[in-house]
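Structure, as structure tokens:
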Amino acid sequence: MREDNQLLVLTHLSQLLTYITGFGGLIVPLIIWVTQKDKVFKMDEQGKKIVNFQISMFIYAILSIPAIILLGLGFLMLIIIGVIAFVFPIINAIKASNGEVTSYPLSITFIK
């Protein structure tokens with residue numbers, strides 16, 4: 001197994017593809033994680049965190065739709081989700097480049 005902090009950084013930052021292309025924030029990190037988890041040190045751990053985070057943010061966004069219709073607070077929820085989904089990949093990319101432990105808030109553990 002090799003140590004490749006640059007690939008870890010790229011994996012974290014690839015989540016931001018959603019803001020550029022409208023999709024890819026889950027697909028690209030998933031592909032990188034699946035293909036590199038046995039080759040790159042810490043890729044399995046961080047890849048799981050990224051995929052869990054992306055799935056969680058998607059679920060929270062879906063749950064905010066009824067909140068828009070029923071309560072009117074859904075727009076605020078979507079803004080908060082958007083900010084969290086933008087900021088934390090950048091923070092964790094910086095942490096990964098320094099070899100620090102990464103974490104994502106509000107992340108539900110789907111993949112252990």
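Note: hydrogens, waters and symmetry copies are ignored here, and every other heavy atom, side chains too, is used. One-based numbering along the sequence shown. Just so it is clear, the structure is predicted and the values come from calculations on it, not from any experiment.
Under the 4.5 Å side-chain criterion, counting only non-hydrogen atoms from C-beta, T11 is not in contact with Q46. In this structure the side chain of L7 reaches within 4.5 angstrom of the side chain of L10, judged on heavy atoms. The side-chain heavy atoms of S56 and L106, taken from C-beta on, include no pair separated by under 4.5 Å. Contact of the K48 side chain with the E45 side chain is not registered, since no non-hydrogen atoms from C-beta on lie closer than 4.5 Å.
Note that CH2 of W33 and CG of D38 are 10.0 Å apart. Values are rounded to the nearest 0.5 Å. Within the model, atoms CG of D44 and CD of Q36 stand 12.0 Å from one another, a figure rounded to the nearest 0.5 Å. To the nearest 0.5 Å, atom OG1 of residue T102 and atom CD1 of residue I91 are 11.5 Å apart. Rounding to the nearest 0.5 angstrom, the gap separating the NZ atom in K42 from the CG atom in N5 is 7.5 Å. To the nearest 0.5 angstrom, R2 atom CZ is 8.0 Å from M43 atom CE. If you take CG on L8 and CG on N92, they are separated by 11.0 Å, rounding to the nearest 0.5 Å.
Residues F88 and F53 place their aromatic rings such that the two centres sit no closer than 6.0 Å.
Of all non-hydrogen atoms in A93 and V9, the two that sit nearest each other are O-CG2, 3.2 Å. Nearest approach of P89 to H12, heavy atoms of both residues: CB-O, 3.4 Å. K95 and S103 make their closest contact through NZ-OG, 4.5 Å (heavy atoms, listed as atom of the first residue, atom of the second, distance). Taking each heavy atom of S14 and V28 in turn, the nearest pair found is CB-CG1, 3.7 Å.
Side-chain heavy atoms closer than 4.5 Å link hydrophobic residues (I, L, V, M, F, W, Y) into clusters, and following such links, possibly through other members, connects L30 to I32. Hydrophobic clustering (side-chain heavy atoms under 4.5 Å, transitive across Ile, Leu, Val, Met, Phe, Trp, Tyr) groups I55 together with L63. By the criterion of side-chain heavy atoms lying less than 4.5 angstrom apart, applied directly or through intervening Ile, Leu, Val, Met, Phe, Trp or Tyr residues, F75 is not grouped with Y19; the two fall into different hydrophobic clusters. V51 and F110 fall within a single hydrophobic cluster, where Ile, Leu, Val, Met, Phe, Trp and Tyr are joined by side-chain heavy atoms under 4.5 Å apart, directly or via other members. When hydrophobic clusters are built by joining Ile, Leu, Val, Met, Phe, Trp and Tyr residues whose side-chain heavy atoms come closer than 4.5 Å, directly or via intermediates, I50 is grouped together with V83.
Hydrophobic cluster membership of I20, counting Ile, Leu, Val, Met, Phe, Trp and Tyr whose side-chain heavy atoms lie under 4.5 Å apart directly or via other members: none, as it forms a cluster of its own.
The environment of OH in Y60 is crowded: more than 12 heavy-atom neighbours from other residues, nucleotides or ligands sit within 6.0 Å. The 12-atom threshold is not exceeded at CD of Q6, counting heavy atoms of other residues, nucleotides or ligands nearer than 6.0 Å.
Side chain of T21 to backbone of T18: no donor-acceptor contact under 3.5 angstrom is found. Panel note: side chain N52, backbone I111; a donor-acceptor pair is recorded below 3.5 Å.
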